[in-house]
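Encoded as structure tokens, the structure appears first; notes follow it.
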Amino acid sequence: MTAKLIDGKAIAKEIQEELTREVAELKEKHGVVPGLATVLVGDNPASQTYVRMKQKRSAEVGIHSVGYTLPGDATQEEVEALVRKLNADPTIHGILVQLPLPKHLNEEAVLNAISIEKDVDGFHPINIGRLAMKGRQALFAPCTPAGIIELIDRTGIAIEGKEAVVLGRSNIVGLPVSMLLLKRNATITICHSRTHDLPAVTRRADILVAAVGRPLMVKADWVKPGAVVIDVGINRVDDPSRKRGYRLVGDVDFEEVKEVAGWITPVPGGVGPMTIAMLLKNTVTAAKRAAGLL
Ligand code: NAP
Ligand code: L37
């Protein structure tokens with residue numbers, strides 16, 4: 001292996017330790033306990049796992065966490081009523097509605113209902129709009145994209161002036177991570193399912209972010225020697241030898257690409273844990289703002 005490993009699990013742990021100290025101090029000095037409400041609609045197994053992990057990590061750092069689960073056939077009005085209730089609850093500083101929502105619900109209207117001061121997922125249209133515009137500050141950056149930037153920063157890799165190629169343009173990863181990289185003065189290329197000759201485009205990247213949801217798609221000859229490769233993909237592939245019957249693989253063929261890249265994130269243990277760490281960080285920020293401490 002020539003690439004150095006970017007250990008997302010270890011970096012996330014470091015952030016959680018910082019937050020644990022900060023939360024203890026907030027409580028001691030100001031009597032403030034950050035509160036996070038998670039809202040899960042339906043029974044998507046991956047979403048259930050992530051929400052459970054978010055609640056567990058919240059509790060570990062001292063965040064008061066309250067989980068709401070609504071049935072898969074919940075109505076638009078029921079979901080929005082819950083959001084409005086949480087908007088009005090002073091013990092809750094952050095509201096996370098886990099996506100995707102069941103098909104019959106209007107995601108845009110639900111996200112729009114979240115108070116922007118409590119939008120710790122950063123998906124409210126005002127927060128996304130500010131993220132996209134020059135000279136504006138979003139109150140929160142979306143967790144996975146923010147986690148990617150934090151991973152790069154904490155590894156000591158410069159972003160400014162670099163060629164960054166993002167594979168994927170989704171609302172939750174590809175698009176917002178592109179906007180964050182642009183804000184940090186990288187030169188951005190965004191690829192998607194209609195891009196011609198993907199390997200030729202990705203080979204230009206100094207920083208390559210893969211967020212497509214296609215197991216092991218990025219091969220060694222897609223990568224410029226020495227590039228920083230960030231693998232966002234979390235794909236379950238059948239594996240009867242595992243207790244749970246599947247294993248997780250990224251969008252990058254790690255075994256091949258690690259021989260070419262300069263830096264690489266693993267799956268699991270890369271971007272995933274950072275998504276949760278940034279949610280906790282955003283929740284603490286929300287609580288500090290609500291208490292007038294920021
Ligand atoms: P998504 O909404 O399905 O978007 C996938 C994007 O990839 C789309 O822009 C799509 O293009 C593009 N794409 C799909 N197949 C392609 C192909 N063959 N060639 C080129 N582009 C292609 O997915 P997402 O929500 O962004 O998630 C992407 C991956 O990241 C998934 O594996 C997901 O599980 C994972 N994820 C991880 C975390 C984490 O914390 N680590 C968080 C969120 C998501 P079009 O726009 O043209 O359709
Ligand atoms: N903030 N994140 C936010 N809001 C949403 O609406 N859907 C969504 C979202 N996505 C999300 O939570 N993704 C996610 C993905 C992976 C992890 C956490 C969150 C994660 O921690 N993955 C571990 C492995 C977990 C496992 O064993 O299943 C990892 O090491 O990658």
Side-chain angles (χ1 to χ4, degrees), residues 6-13 16 36 38-42 44-58 94-101 105 107 110-111 114 119-124 127 140-148 150-151 165-178 189-199 201-202 209-219 222 230-237 239 242-252 254 265-283:
I6 301 179
D7 187 346
K9 198 172 168 187
I11 296 174
K13 188 162 173 267
Q16 275 155 217
L36 172 69
T38 60
V39 178
L40 175 63
V41 187
N44 176 320
S47 293
Q48 285 174 331
T49 305
Y50 300 150
V51 167
R52 214 180 310 118
M53 289 168 71
K54 288 169 187 186
Q55 291 169 340
K56 180 165 174 266
R57 299 272 181 279
S58 297
I95 302 169
L96 170 120
V97 177
Q98 184 74 15
L99 303 178
L101 290 170
L105 294 173
E107 176 190 297
V110 171
L111 296 177
I114 298 172
D119 178 35
V120 286
D121 234 357
F123 293 146
H124 189 286
N127 274 325
F140 303 100
C143 301
T144 302
I148 292 168
E150 192 82 20
L151 271 184
V165 175
V166 178
L167 271 175
R169 57 174 162 181
S170 71
N171 288 338
I172 74 168
V173 191
L175 192 73
V177 77
S178 302
T189 304
I190 305 173
C191 305
H192 44 75
S193 64
R194 317 291 162 86
T195 300
H196 290 167
D197 199 356
L198 278 174
V201 181
T202 57
V209 178
V212 279
R214 300 273 180 263
L216 312 180
M217 185 169 91
V218 175
K219 302 295 180 188
W222 293 39
I230 308 288
D231 189 355
V232 187
I234 307 262
N235 305 293
R236 291 184 175 191
V237 299
D239 185 344
R242 301 285 173 108
K243 196 168 62 198
R244 37 186 197 181
Y246 66 88
R247 71 194 148 87
L248 297 180
V249 302
D251 291 342
V252 174
F254 183 90
T265 63
V267 175
V271 175
M274 291 299 290
T275 295
I276 298 181
M278 299 320 282
L279 174 69
L280 307 182
K281 193 170 179 182
N282 281 348
T283 302

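Whatever order the structure lists ligands and atoms in, that order sets their numbers, starting from 1.
For ligand 1 and Gly213, the ligand atoms under 4.0 Å from any heavy atom of the residue are 28 (C), 29 (C), 31 (C), 32 (O). Residue-ligand proximity, Gly272 to ligand 1, at heavy-atom distances under 4.0 Å covers atoms 40 (O), 41 (N). For ligand 1, the atoms closer than 4.0 angstrom to any heavy atom of Asn235 are 32 (O). If you number the atoms of ligand 1 from 1 as listed, the ones under 4.0 Å from a heavy atom of Thr275 come out as 39 (C), 40 (O). Counting the atoms of ligand 2 from 1 in the order shown, those under 4.0 Å from a heavy atom of Pro273 are 21 (O), 29 (C), 30 (O), 31 (O). Per-residue contacts place Ile234 under 4.0 angstrom from the following atoms of ligand 1 (heavy atoms of the residue considered): 32 (O), 34 (O), 35 (C), 37 (C), 41 (N). The contact set between ligand 1 and Leu198, taken as ligand atoms under 4.0 Å from a residue heavy atom, comprises 19 (N), 20 (C). For ligand 2 and Pro268, the ligand atoms under 4.0 Å from any heavy atom of the residue are 29 (C), 30 (O), 31 (O). Taking every non-hydrogen atom of Gly168 and a distance limit under 4.0 Å, the qualifying atoms of ligand 1 come out as 6 (C), 7 (O), 9 (O). Below 4.0 Å from some heavy atom of Ile172 lie the following atoms of ligand 1, by number and element: 25 (O), 43 (C).
In terms of modelled atom types and a separation under 3.5 Å, the side chain of Thr202 and the main chain of Trp222 share a donor-acceptor contact. Remark: the backbone N or O of Val173 is paired with a side-chain donor or acceptor of Ser170 at under 3.5 angstrom. Although no hydrogens or angles enter the test, the distance criterion places no donor-acceptor pair under 3.5 Å between the side chain of Asp251 and the main chain of Asp231. Judged purely by atom type and a 3.5 angstrom limit, Asn235 uses its side chain to pair as donor or acceptor with the backbone of Gly250. Listed for the Asp119 side chain is a donor-acceptor partner under 3.5 Å among the backbone atoms of Phe123. The backbone N or O of Tyr246 sits nowhere less than 3.5 Å from a side-chain atom of Asp239 that would complete a donor-acceptor pair.
Residue contacts with ligand 2 include Ile234, since one of its heavy atoms falls under 4.0 Å from the ligand. Not a single heavy atom of Leu167 lies less than 4.0 angstrom from ligand 1. The closest approach between any non-hydrogen atom of Asp121 and ligand 2 is below 4.0 Å. Residue Gly174 places no heavy atom under 4.0 Å from ligand 1. Put simply, part of Val97 is less than 4.0 Å from ligand 2, judged by heavy atoms. Every heavy atom of Cys191 sits 4.0 Å or more from the atoms of ligand 1. For Lys54, the heavy-atom gap to ligand 2 drops under 4.0 angstrom. Taking 4.0 Å as the cut-off, Arg244 counts as a neighbour of ligand 2 on heavy-atom distance.
Considering CD1 of Ile11 and CG of Asp7, their distance stands at 6.5 Å, rounded to 0.5 Å. Between the CG atom in Asn171 and the CG atom in Leu99 there is a gap of 9.0 Å [rounded to 0.5 Å].
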Apply side chain to side chain contact (heavy atoms under 4.5 Å, CB included) to residues Leu167 and Leu198 and explain how you reach the verdict.
CA-CA 9 Å; Leu167 271 175; Leu198 278 174; 3.5 Å; yes
Test side chain to side chain contact (heavy atoms under 4.5 Å, CB included) applied to Asp121 and Val97, step by step
CA-CA 8 Å; Asp121 234 357; Val97 177; over 6 Å; no
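By the 3.5 Å distance cut-off applied to N or O atoms, Gly269 is counted among the residues near ligand 2. At least one N/O-N/O distance between Leu99 and ligand 2 falls below 3.5 Å. By the 3.5 Å distance cut-off applied to N or O atoms, Arg194 is not counted among the residues near ligand 1.
For atom 16 (C) of ligand 2, the closest non-hydrogen atom on the protein side is Tyr50 CE2, 3.4 Å. Annotation: atom 21 (O) of ligand 2 to nearest protein heavy atom, Met53 CE, 3.3 Å. Closest to atom 28 (O) of ligand 2 among all protein heavy atoms lies Leu248 CD1, 3.7 Å. In this structure, the protein non-hydrogen atom closest to atom 10 (N) of ligand 2 is Gln98 NE2, 3.8 Å.
Distance check on atom 27 (O) of ligand 1: every protein heavy atom falls at or beyond the 4.0 Å cut-off. When distances from atom 3 (O) of ligand 1 to the protein are checked, no heavy atom turns up under 4.0 Å.
Residues Tyr50 and Ile234 share a closest heavy-atom pair of OH-CG2, 3.4 Å. Summarising the geometry of Ile276 relative to Lys54, their closest heavy-atom pair is CG1-CG, 4.0 Å, with the distance given to 0.1 Å.
The closest heavy-atom contact to atom 12 (C) of ligand 1, among the options Val201, Leu175, Val212, comes from Val212. Considering Pro100, Pro145, Pro176, Ser170 only, the shortest heavy-atom separation from atom 24 (P) of ligand 1 involves Ser170. Remark: among candidates Gly122, Gly272, Ser47, Pro266, the nearest residue to atom 18 (C) of ligand 2 is Gly272, based on non-hydrogen atoms. Which of Val267, Val177, Val232, Thr195 comes nearest to atom 35 (C) of ligand 1 through a heavy atom is settled by distance: it is Val232. Evaluated by nearest non-hydrogen atom to atom 18 (N) of ligand 1, the leading choice among His192, Met274, Arg214 is Arg214.
The closest side-chain donor-acceptor pair between Gln55 and Thr38 falls under 3.5 angstrom.
Around the NZ atom of Lys219, the shell of radius 6.0 Å holds more than 12 heavy atoms that belong to other residues, nucleotides or ligands.
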